[in-house]
Amino acid sequence: MADLVRTRFAPSPTGYLHIGGARTALFNYLLARRHGGRFVLRIEDTDQTRNIAGAEGKLLEDLRWLGLDWDEGPEVGGPFGPYYQSQRLERYEACARRLLEEGRAYYAFETREELDAMRKAAGGSGKGFRYPRPASFPSEADARRARDEGRPVVVRFKMPGCDFTVPDRILGEVTIGADELDDFVIVKSDGWPTYHFAVVVDDADMRITHVLRGQEHLMNTPNHIALQQALGLPTPIYAHLPIILNMDGSKMSKREKDKVVRGALRGAIDAGRIDEARALDVAGCDAETFAAWRKKKAQLPADALRRLARVLEIELPEIDIHDFRASGYLPEVVVNFIALLGWSAGDDREKYTLAELAAAFSLERIGKTNARFDRDKLLAFNTDGIAGAAPGRILAALRDYFAVHPDSPLAPLDDATLARLVELCAGVRTLRQLEQKCGAMFVDDEALRYDEAAVRKFLLKGEAAGVGVLRNMRDVLAKASDWSSGGLEQVIRGYAREHGLGLGKVAQPIRIAVTGTTVSPSIFETIALLGREKTLARIDRLLARLEPDAGGAQSAATA
RNA sequence: GCCCCCAUCGUCUAGGGGACUAGGACACCGGCUUUUCAAGCCGGCGACACGGGUUCGAAUCCCGUUGGGGGCGCCA
């Protein structure tokens with residue numbers, strides 16, 4: 001049992017689970033499962049200013065949605081808890097005390113402003129600053145006095161002054177020179193540990209054997225190893241994962257959403273489609289933040305971005321796991337896809353279930369190169385995933401989708417109807433696409449919105465030939481004796497043949513009348529499902545709008 | 001600026017000195033199918049960043065250049 005593999009995922013509760021975090025969690029999960037070990041979840045909530053209420057719940061929900069269940073951690077407990085760093089403060093205090101007593105750490109009293117000034121003075125650009133360690137360390141009395149004077153008191157770790165070599169299972173041995181290493185802070189002035197300190201203590205306490213984390217942590221690792229050596233703790237096996245980038249090569253981050261919305265808003269304002277004041281109103285934040293955001297100086301809250309995106313009629317790029325859920329991706333597809341970002345089994349296989357990944361995974365097959373996140377390929381995977389899933393699976397996935405979109409027009413439908421829609425929509429790429437394709441069938445007639453361009457193209461163009469067809473079809477359909485999809489197909493095809501028209505010339509006007517758009521399942525199936533009454537009512541409704549003499553509105557665009 | 005990491009089709013990758021006229025997937029292009037959007041089927045385009053070595057032989061090993069990424073916080 002001595003070599004039981006124990007891995008962990010240790011997020012801080014600042015929002016939804018990010019795609020990069022999800023990949024890190026997945027790899028840790030897979031390694032533990034592959035070796036019959038334990039996967040631990042720990043909440044790193046040591047930054048009181050960054051913790052966001054409700055974020056932890058979202059994080060756990062996202063992990064569960066992906067199917068990454070943890071053996072120890074929040075909600076499940078375990079022998080090495082508590083699994084919240086905020087509940088482990090005595091442990092860090094004890095370790096810090098020991099380091100202070102042994103002269104391996106010391107107090108420091110600079111304010112942030114003083115440190116900023118020192119950094120600026122250090123180098124031309126202020127980079128590469130190293131804290132000037134005092135010849136003799138301040139005493140407990142000095143620390144007390146500083147506190148009494150209202151100065152900040154932190155504890156810094158005395159780096160041993162030697163080079164450090166990080167043994168990394170992916171990158172090999174990476175040596176960082178002593179000159180690069182700084183006496184970093186281990187206890188903040190609020191008494192809480194920094195990440196570097198807490199992570200070392202906790203990983204040891206929780207018997208973590210393997211640490212898989214993003215490559216952005218590589219340069220921190222000497223600090224961690226030094227700390228482990230000073231505290232007499234073992235060094236776990238490290239594996240620094242390549243980073244996931246956007247298609248443009250920039251780091252994939254939540255800023256991407258800000259960027260997209262900011263660009264769209266500028267275009268809309270330039271085009272006169274929206275004005276500054278209205279945009280601010282939609283965003284619902286304070287004017288100062290909004291102004292800063294427009295100048296790329298700040299980020300907007302997620303819900304503000306969502307509201308703006310809706311008004312601007314743009315899709316937000318998916319960044320968080322929750323975004324993919326909301327866009328109608330299957331969790332097993334997301335897992336499959338991100339597993340292939342930086343890992344491959346070495347053959348041509350690309351499709352895996354979570355269990356299959358757990359069986360095939362190995363540290364040795366993780367690559368070194370950063371990967372760009374290709375949404376097109378994910379979409380293709382999702383299309384295959386939906387096409388290849390058992391009907392019951394898609395039904396369950398739809399129910400989950402409705403949990404995120406309770407207002408979906410499809411949400412109230414029974415399983416049998418939903419199953420029918422799934423059949424009719426074979427080939428859709430996402431659950432959202434299925435919703436968009438079928439939604440219009442299940443909204444009230446009054447709520448139908450007409451695609452203006454489609455109306456022009458298929459109804460009004462060429463001396464309103466489309467309107468004529470629609471008028472005729474209204475009568476034909478009213479008299480149809482068999483309102484099944486088969487019967488309707490006969491009637492409609494028959495009409496097209498008689499009048500020497502392609503089916504499209506007949507189907508599209510009907511489709512627009514009954515759905516408002518050019519997209520729906522087979523036209524026969526669509527109106528069969530809609531029923532005669534609604535179909536005729538919707539055709540009448542559109543005809544009334546398009547024929548002023550019938551007393552309809554001037555333009556379909558106002559609908 | 002300094003330090004670290006990386007480098008095969010547009011993208012994710014296979015490849016670990018001869019099996020490479022470099023394989024797969026997505027995207028793209030062309031065709032077929034077609035009542036819309038998708039899906040599907042067939043075919044095609046397309047890469048070893050560059051320059052030096054080592055070697056009988058290099059995509060594979062070494063060095064340099066260039067390019068990309070990361071780090072340089074009382075954030076994690």
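Predicted, not measured: the structure shown is a model, and the values here were computed from it. Just so it is clear: chains get the letters A, B, ... in the order the sequence lines come, proteins before strands, and each one is counted from 1.
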What is the nucleic acid contact for Gln436(A), judged by heavy atoms within less than 4.0 Å: base, sugar-phosphate only, or nothing?
nothing
Centroid-centroid under 6.0 Å between Phe197(A) and Trp192(A) rings
no
Can the ring centres of Tyr195(A) and His224(A) be said to be less than 6.0 Å apart?
yes
Phosphate OP1/OP2 of [N] contacted by [X] side-chain N/O (<4.0 Å):
X	N	value
Lys188(A)	G73(B)	no
Thr46(A)	A76(B)	yes
Arg511(A)	C37(B)	no
Lys437(A)	C37(B)	no

I want to check a possible cation-pi pair here: Arg349(A) against Tyr352(A), using under 6.0 Å from ring centre and within 45° of the ring axis as the test.
yes
Cation-pi, Phe27(A) ring and Arg23(A) (6.0 angstrom, 45 degrees):
yes
Any side-chain donor paired with an acceptor under 3.5 Å for Glu435(A) and Ser408(A)?
yes
How does protein contact run along nucleotides 15-31 of chain B, one letter per nucleotide 5' to 3', with B for base contact, S for sugar-phosphate only, - for none, heavy atoms under 4.0 Å?
S-------BBBSS----
Has the side chain of Arg493(A) got a donor or acceptor atom sitting under 3.5 Å from an opposite partner on the base of U35(B)?
no
Should the side chain of Ser189(A) and the base of C74(B) be counted as holding a donor-acceptor pair, with the cut-off at 3.5 Å?
yes
Within this structure, what is the [atom1]-to-[atom2] distance between [X] and [N], rounded to whole angstrom?
X	N	atom1	atom2	value
Arg50(A)	G73(B)	CZ	P	16 Å
Ile52(A)	A76(B)	CD1	P	14 Å
Glu489(A)	U34(B)	CD	C1'	13 Å

Quick check against the 3.5 Å criterion: does Asp183(A) have a side-chain atom that pairs as donor or acceptor with the backbone of Met159(A)?
yes
Give me the distance, rounded to whole Å, that separates [N] from [M] when you measure between the [atom1] atoms they each carry.
N	M	atom1	result
G53(B)	G73(B)	C1'	44 Å
U33(B)	C41(B)	C1'	8 Å
A27(B)	A38(B)	P	12 Å
C9(B)	A47(B)	P	9 Å

Which residue lies toward the 5' end of RNA chain B, Arg372(A) or Arg112(A), if each is placed at its nearest nucleotide?
Arg372(A)
Residue [X], side-chain atoms from C-beta onward, closest of [options]:
X	options	result
Leu341(A)	C75(B), C4(B), C12(B)	C12(B)
Val154(A)	C2(B), C74(B), C12(B)	C74(B)
Val519(A)	U36(B), C3(B), C74(B)	U36(B)

If C28(B) has a Watson-Crick or G-U wobble mate with both distances under 3.5 Å, name it; if not, just say none.
G44(B)
